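Each remark here refers to the structure printed beneath this line.
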Amino acid sequence: MTPVAEQTGAWLESFTRQHPAAPWIRQLREEAFARFTQMGFPTTHDEEWRFTNVAPIARSRFQFRDIVGQVSGLPANVQAGAIAGDARQWLAKQAFDQNAFVALNTAFLNGGLFLRIPRGTVVEGPIEVVYSVDGQVGNLPHVGPRMLVVAGADTQFTLIERYTGQGRYLTNAVTEIVAGEGAVIDHYKVQHESGEAFHIGSLFANLGRSVNFSATSIAMGGALVRNDVNVTLSEGTEATLNGLYVVNGSQHVDNHTTIDHAKPHGTSHELYKGILDGKAGAVFNGRIMVRKDAQKTDSKQTNKNLVLSDEAVINTKPELQIFADDVRCTHGATIGQLDAESMFYLQSRGIGKDDARNLLTYAFAQDIVDRIKVQSLRDSLERILFEKLHERPQ
Amino acid sequence: MALLEIKNLHATVGEREILKGIDLTVDAGEVHAIMGPNGSGKSTLAQVLAGREVYAVTEGQVTYSGKDLLGMKPEDRAREGMFLAFQYPVEIPGISNTYFLRAALNARRKYEGLPEVDAFDFLELVREKMKLLEMDQALLNRPVNTGFSGGEKKRNEIFQMAVLEPKLAILDETDSGLDIDALKLVAHGVNALRGPERSMIVVTHYQRLLDYIVPDYVHVLADGRLVKSGGKELALQLEETGYAGLGIADEEEAVGRV
């Protein structure tokens with residue numbers, strides 16, 4: 001057997017024991033599984049995975065486990081259910097053939113969550129979906145949360161995805177959002193998995209004309225984390241991508257974003273900030289594509305990193321592919337340490353060194369937190385962040 | 001017993017010696033002005049006293065409240081009642097002025113074995129002091145010094161001093177960059193804080209500040225040494241003759257004096 005077949009063969013048994021499903025889903029699963037076995041898990045020879053080694057996932061013998069997201073904040077006029085029926089016209093339209101993990105998630109599609117927001121619906125509070133995995137019971141679980149959100153024109157809502165758990169497990173999540181013309185959508189993903197967990201997640205957002213979309217990704221937990229955000233803009237679409245990753249110990253978090261300006265007059269703002277301590281590693285790869293048609297694109301990308309230890313490693317890379325000539329695209333990345341003058345200023349006011357360090361670190365993350373529009377989320381995040389910064393792993 | 005006693009203090013940054021043997025005694029309630037041209041070591045002295053690590057003390061002792069100051073961490077110096085008003089207050093985006101100052105006050109209170117104050121009590125506590133420095137609530141809610149004008153920054157320093165009620169305040173060129181109205185306001189704040197239990201070291205290049213904050217003693221610092229000491233009239237003499245009158249080179253006077 002080839003190494004790829006060796007790895008993927010272990011998944012075949014789980015695959016064949018799945019619950020039956022509608023013929024079109026069965027067919028989709030099979031296509032996806034075939035694609036997955038063909039590709040196998042990526043290695044660091046793959047440009048897309050150069051700094052993130054998923055061998056620990058490939059080597060593990062996971063058992064597939066169904067997962068159901070706990071949904072709250074659903075108003076009566078939003079339809080929520082399993083992915084079935086006419087979900088077919090939107091599901092997996094954004095190719096899984098490039099990413100083995102997306103293929104794997106699709107191969108294990110079983111139910112999932114399908115949200116339909118009818119045209120013109122304005123949802124006041126956030127819709128929240130929580131995925132929680134207990135890896136301390138049973139065999140080493142692998143869960144595959146899958147969400148499809150279809151938003152009609154002129155809808156307005158906030159969607160929060162939360163990922164938590166205990167023990168060792170793999171979460172391999174895929175969310176697809178299809179937004180109709182003029183929709184205003186704020187998406188938040190809070191990844192607070194257990195310290196031993198693997199988390200691979202992809203968000204695909206296909207945004208219609210004049211959509212205003214924001215995606216905020218908060219990555220705190222997990223031993224090995226990969227987070228992909230892919231947005232495709234149409235004419236006059238505005239997309240904001242914010243991210244915060246806080247890693248310590250031997251954590252590794254990889255954020256890959258792709259902003260595809262497919263049509264003219266699109267605007268994108270991207271700000272990802274990272275705080276690294278211990279022997280942690282992080283990756284930021286921000287691809288911005290401006291297609292030939294996409295004149296008058298305005299795009300700004302910023303990645304800032306605060307490195308608190310000598311042993312933490314950050315790899316940051318902008319990737320601009322511009323095929324239009326009348327555009328404005330800027331990008332910048334910084335890697336820095338705590339400012340000695342600021343430290344002294346705080347200490348000279350009686351604030352102890354550790355507290356000063358925590359305060360300044362917290363301050364670094366503050367502008368991402370401030371951009372979160374949901375008060376309850378901001379509060380819970382401040383708490384999580386506070387706890388995280390007070391961890392002092394060696 | 002003197003509040004602060006500096007004996008033969010030498011300090012270097014890198015290979016360069018900046019303080020070359022300073023002797024100074026400050027008693028409780030006294031206001032000492034330290035004047036000197038640029039590069040004479042005024043700010044270095046202020047920062048060394050506050051515990052800035054970039055300066056290495058190579059010789060000498062400093063006793064503060066009977067304790068060995070040089071062996072203390074910067075935060076402990078502050079908790080023991082020392083306060084440095086920075087020449088260039090640091091901007092800290094992401095931390096509100098109120099949060100910062102309350103953290104500072106509580107650090108000191110904890111050190112003294114007092115209960116911490118909550119956000120509500122803190123506002124009560126600082127209300128009077130806000131009036132004194134004409135600080136409005138908006139300034140308090142903004143991130144520390146971020147986007148403040150030069151005058152607002154200096155006012156914020158003296159406001160912090162008013163809240164923290166130090167035993168020894170070191171004012172490092174608090175007058176620099178201020179117009180006359182801002183200078184009067186800051187000086188008014190400083191004067192309101194003068195008292196028998198509070199000593200001050202006022203570091204300045206210009207005599208102008210000392211018209212408003214009248215010192216008990218004036219010392220002239222040149223090339224890392226105190227070359228002349230006297231009463232407040234020494235500042236006036238300097239105003240008349242310039243540093244050159246004392247045989248001290250001052251590049252700024254050479255170009256700028258009218």
Side-chain angles (χ1 to χ4, degrees), chain A residues 216 218 242-246 271-275 302-308 332 334 336-372 375 378-379 381-386 388-390, chain B residues 46-55 72-97 99-112 114 116 143-146 153 156-157 159-161 163-166 168-170 172:
Chain A
T216 304
I218 309 290
N242 292 328
L244 175 66
Y245 42 100
V246 184
L271 174 63
Y272 266 66
K273 290 186 117 176
I275 298 169
T302 311
N303 174 231
K304 291 186 175 176
N305 296 281
L306 176 61
V307 181
L308 299 170
T334 61
Q337 282 126 23
L338 285 179
D339 178 46
E341 262 192 80
S342 302
M343 280 293 292
F344 178 61
Y345 192 63
L346 295 182
Q347 285 178 270
S348 80
R349 295 299 181 253
I351 298 169
K353 202 167 188 170
D354 282 350
D355 286 342
R357 187 181 129 120
N358 285 338
L359 254 179
L360 291 176
T361 306
Y362 184 81
F364 177 81
Q366 190 64 43
D367 57 349
I368 297 288
V369 177
D370 283 346
R371 282 169 163 84
I372 294 173
Q375 175 75 45
R378 225 167 34 229
D379 292 346
L381 196 62
E382 281 181 358
R383 209 171 47 243
I384 296 172
L385 196 56
F386 182 83
K388 178 95 188 179
L389 297 182
H390 280 77
Chain B
Q47 300 236 348
V48 165
L49 291 176
R52 184 79 201 258
E53 278 170 5
V54 292
Y55 301 101
M72 291 163 77
K73 291 185 282 192
E75 55 266 41
D76 286 337
R77 301 181 194 201
R79 292 164 184 171
E80 288 280 350
M82 183 180 277
F83 181 89
L84 172 65
F86 281 58
Q87 181 180 6
Y88 303 110
V90 182
E91 297 190 6
I92 308 179
I95 303 177
S96 82
N97 223 359
Y99 187 90
F100 161 64
L101 195 47
R102 189 159 64 86
L105 183 67
N106 280 334
R108 166 106 177 255
R109 288 178 66 92
K110 207 172 152 191
Y111 186 75
E112 290 171 341
L114 296 169
E116 298 191 4
V144 180
N145 294 324
T146 309
K153 282 182 183 170
N156 198 26
E157 292 294 289
F159 171 64
Q160 291 174 30
M161 169 179 153
V163 172
L164 296 173
E165 300 183 328
L168 174 65
I170 303 164
D172 187 5

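None of these values were measured; they are calculated from a predicted model. Residue numbers start from 1 in every chain, and the chains themselves are labelled A, B, ... in the order their sequence lines are given, proteins ahead of strands.
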*Heavy-atom contact with chain A under 4.5 Å, split by part of B/P166*: neither
*What part of B/V144 is in contact with chain A, defined as an atom under 4.5 angstrom from a non-hydrogen atom: side chain, backbone, both or neither?*
side chain
*Could you look at B/I95 and say if it's the side chain, the backbone, both or neither that has a heavy atom under 4.5 Å from chain A?*
both
_Restricting to side chain to side chain contact (heavy atoms under 4.5 Å, CB included), what partner residues turn up for A/A365, sequence neighbours left out?_
A/L244, A/I275, A/L385
_Non-neighbouring partners of B/F159 that pass ring pair (Phe, Tyr, Trp, His ring centres under 6.0 Å), sequence neighbours left out_ = none
*pair A/L359-B/I92: side-chain heavy atoms closer than 4.5 Å*: no
For chain B against chain A, give me the donor-acceptor pairs closer than 3.5 Å, one per line with atom names and distance.
| residue | atom | partner | partner atom | Å |
| --- | --- | --- | --- | --- |
| A/Y345 | OH | B/N145 | ND2 | 3.2 |
| A/Y345 | OH | B/E157 | OE2 | 2.3 |
| A/Y345 | OH | B/Q160 | NE2 | 3.2 |
| A/Q347 | O | B/E75 | N | 3.4 |
| A/Q347 | NE2 | B/E75 | OE1 | 2.7 |
| A/R349 | NE | B/Q160 | OE1 | 2.5 |
| A/R349 | NH1 | B/L84 | O | 2.8 |
| A/R349 | NH2 | B/L84 | O | 3.0 |
| A/R349 | NH2 | B/E157 | OE1 | 2.7 |
| A/R349 | NH2 | B/Q160 | OE1 | 3.4 |
| A/G350 | O | B/R79 | NE | 2.9 |
| A/G350 | O | B/R79 | NH2 | 3.1 |
| A/K353 | N | B/E75 | OE2 | 3.2 |

_Could you report the tightest heavy-atom contact between A/G350 and B/A107, atom names first, then the distance?_
O-CB, 3.0 Å
*Sequence-distant partners of B/A50, side chain to side chain contact (heavy atoms under 4.5 Å, CB included), two or more places apart*: A/F344, B/L84
